[in-house]
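Heads up: the structure comes next, in structure tokens.
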Number of protein chains: 2
Amino acid sequence: MPSDTKARIQAVARELFAEQGVRNTSLRQISDRLGITKPALYYHFASRDDLVRSIVQPLIDDHDRFVTARAPGDPRELLEDYFEMIWRHRQVLVMVLNDLATLGQLDLTDRLFDWRRRLVGLLLGADVTQEQRIRATVALGGMSDCAVEYAGRPIEEVKPTAVQAAAAALGL
Amino acid sequence: MPSDTKARIQAVARELFAEQGVRNTSLRQISDRLGITKPALYYHFASRDDLVRSIVQPLIDDHDRFVTARAPGDPRELLEDYFEMIWRHRQVLVMVLNDLATLGQLDLTDRLFDWRRRLVGLLLGADVTQEQRIRATVALGGMSDCAVEYAGRPIEEVKPTAVQAAAAALGL
DNA sequence: GTCTATAAGAAGATAGAC
DNA sequence: GTCTATCTTCTTATAGAC
């Protein structure tokens, strides 16, 4: 059985990135916490960027899938599913929110806007007024904040109320 | 008349910090964009931290004032005033959201939680259920997101809808 | 107030032994 | 797979001339 060092590196990196930001975390801190040396990291990842990317990629893929492979439908159900998705990725979400600078490096800023636009489309249809867009920002942004602020609690404690508040913000 | 270099340094630093994060910005980039040299910065600020602090301090002071020097009252009015305050500081807000790692250095994380707690108190009174706290996170977090996402637009275009959506999220 | 020059350290990354 | 040793580059910060 092959070693799981690669996965352990990612786990520690995720922790540190979420704690103190991506740019703020050095390879040395990661290797120190793992009890290995810096060069050992380079056996598993081609570069620092490669490591960061490998951690953020699942969140990117899930978002892409969510906004493409989905037909417009019950807004309430969409809010619920969306909440569950951001909840699954809440640790990386904390990390990404804490270090938007990283987003630039990973072309995430454009993606974020595109996701938001498509989500609003799925929620409210093709023709959206500026007012509806702002309401959607409150709803979706507010839910993301919940995933971050209550990251340590069980989802059943957070999701129902967060979804209901988001629905109310949308005027549903 | 004394030079305004200090203020110009702060303006450029604010720009760069908001664009690419605090940690991601070096003194060299700041001095380069200003057309001066790095050591010149040290004439105006004792250290890098001193510069960062001087930029974030107004936001801190305004928040402190808002949550202390205010009596509980009409929630709607409080939402409006709160929106106006975060709107005034939206550039620094972008910067702070983009680099939460900085918050740790400035003890902002604890402050943020305290502000949120007091705002919820002002909005909903002393006894708050967990459900109300989550609704408040959607409302206040959603409004902050608006100040960031629509930072380039005139406030009259954003505020009324954002406040209304936040009020709906709170169940008002 | 701003400069040149430089110190002192930490970062990412690589070479080569084991 | 992981190590020691090292390279290069970039950072914050200081000394001292003008």
Side-chain angles (χ1 to χ4, degrees), chain A residues 1-57 95-96 98-108, chain B residues 1-57 95-96 98-108:
Chain A
M1 137 174 159
S3 101
D4 61 341
T5 308
K6 185 163 183 167
R8 295 200 303 126
I9 292 171
Q10 289 173 318
V12 166
R14 235 191 316 269
E15 268 176 43
L16 286 169
F17 288 165
E19 267 173 40
Q20 52 186 9
V22 175
R23 186 71 187 199
N24 217 1
T25 302
S26 67
L27 295 183
R28 187 177 144 72
Q29 288 178 293
I30 296 172
S31 59
D32 275 4
R33 186 174 287 198
L34 269 166
I36 62 176
T37 58
K38 224 177 6 162
L41 300 178
Y42 282 89
Y43 177 83
H44 300 278
F45 298 95
S47 67
R48 188 184 188 278
D49 252 38
D50 188 39
L51 169 57
V52 174
R53 197 172 293 267
S54 82
I55 286 176
V56 182
Q57 202 60 48
M95 161 192 146
V96 152
N98 288 6
D99 204 338
L100 259 181
T102 315
L103 306 197
Q105 291 165 19
L106 295 173
D107 288 332
L108 265 183
Chain B
M1 135 173 159
S3 101
D4 61 340
T5 307
K6 184 163 183 169
R8 294 200 303 127
I9 292 171
Q10 290 173 319
V12 166
R14 236 192 315 271
E15 268 176 42
L16 286 170
F17 287 165
E19 267 174 39
Q20 52 186 14
V22 175
R23 185 71 186 198
N24 217 1
T25 301
S26 67
L27 295 182
R28 186 175 146 70
Q29 288 178 292
I30 296 171
S31 59
D32 275 3
R33 186 174 287 198
L34 268 167
I36 62 175
T37 58
K38 238 184 339 172
L41 300 179
Y42 282 89
Y43 177 83
H44 300 279
F45 298 95
S47 66
R48 190 183 188 279
D49 251 37
D50 188 38
L51 170 57
V52 174
R53 197 172 293 267
S54 82
I55 286 176
V56 182
Q57 202 59 48
M95 161 192 144
V96 152
N98 289 6
D99 204 338
L100 259 181
T102 314
L103 305 197
Q105 290 165 22
L106 295 172
D107 288 331
L108 266 183

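Lettering follows sequence order; numbering is per chain, from 1. Here the structure is a predicted model, which means the values were calculated and not measured.
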**Study point:** For DNA chain C, the dot-bracket pattern of Watson-Crick and G-U pairs whose distances stay under 3.5 Å, | for other-strand partners
**Key:** ||||||||||||||||||
Check your understanding: With D50(A), which residues qualify under salt bridge (charged side-chain N to carboxylate O under 4.0 Å, His left out), at least two apart?
Key -> none
Exercise for review: Identify, with sequence neighbours excluded, every residue that meets salt bridge (charged side-chain N to carboxylate O under 4.0 Å, His left out) alongside R14(A).
Suggested key: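 With sequence neighbours excluded, R14(A) shows a salt bridge (charged side-chain N to carboxylate O under 4.0 Å, His left out) to no residue whatsoever.
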Measure from [atom1] on [X] to [atom2] on [N] and round the result to the nearest Å.
{"X": "L51(A)", "N": "dA13(C)", "atom1": "CG", "atom2": "P", "answer": "10 Å"}
{"X": "I9(A)", "N": "dG1(D)", "atom1": "CD1", "atom2": "C1'", "answer": "10 Å"}
{"X": "Y43(B)", "N": "dC3(C)", "atom1": "OH", "atom2": "P", "answer": "13 Å"}
{"X": "F45(A)", "N": "dG12(C)", "atom1": "CZ", "atom2": "P", "answer": "14 Å"}
{"X": "D4(B)", "N": "dG1(C)", "atom1": "CG", "atom2": "P", "answer": "10 Å"}
{"X": "L41(A)", "N": "dT14(C)", "atom1": "CG", "atom2": "P", "answer": "13 Å"}
{"X": "R23(B)", "N": "dA10(C)", "atom1": "CZ", "atom2": "C1'", "answer": "10 Å"}
{"X": "I30(A)", "N": "dG12(C)", "atom1": "CD1", "atom2": "P", "answer": "8 Å"}

Practice item. Would you tell me if any nitrogen or oxygen in the side chain of T37(B) comes within less than 4.0 Å of OP1 or OP2 on dT2(C)? Key: no
Check your understanding: Under 4.0 Å between a side-chain N or O of T5(A) and OP1 or OP2 of dG1(D)?
Key -> no
Exercise for review: Indicate for each nucleotide in nucleotides 11-18 of chain D, in 5' to 3' sequence, whether protein heavy atoms under 4.0 Å reach the base (B), only the sugar-phosphate (S), or nothing (-).
Suggested key: SBBB----
**Study point:** Side chain proximity check, V52(B) to V22(B), heavy atoms < 4.5 angstrom
**Key:**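 SC-SC contact between V52(B) and V22(B) confirmed.
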Exercise for review: Under the side chain to side chain donor-acceptor pair (under 3.5 Å) rule, collect the residues that match up with T37(B), sequence neighbours excluded.
Suggested key: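 Residues passing side chain to side chain donor-acceptor pair (under 3.5 Å) with T37(B): none at all.
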Counting only pairs under 3.5 Å, give me each side-chain donor-acceptor contact of residues 28-36 of chain B, with atom names and distances, residues two or more places apart or in other chains.
unit_1, atom_1, unit_2, atom_2, d
Q29(B), OE1, Q20(B), NE2, 3.2
Q29(B), OE1, S26(B), N, 3.1
S31(B), OG, L27(B), O, 3.2
S31(B), OG, R28(B), O, 3.0
R33(B), NH1, E15(B), OE1, 2.8

Exercise for review: Give, for atom CZ of R48(B) and atom OG1 of T25(B), the distance between the pair rounded to the nearest 0.5 Å.
Suggested key: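 Interatomic distance, R48(B) CZ to T25(B) OG1, rounded to 0.5 Å: 7.0 Å.
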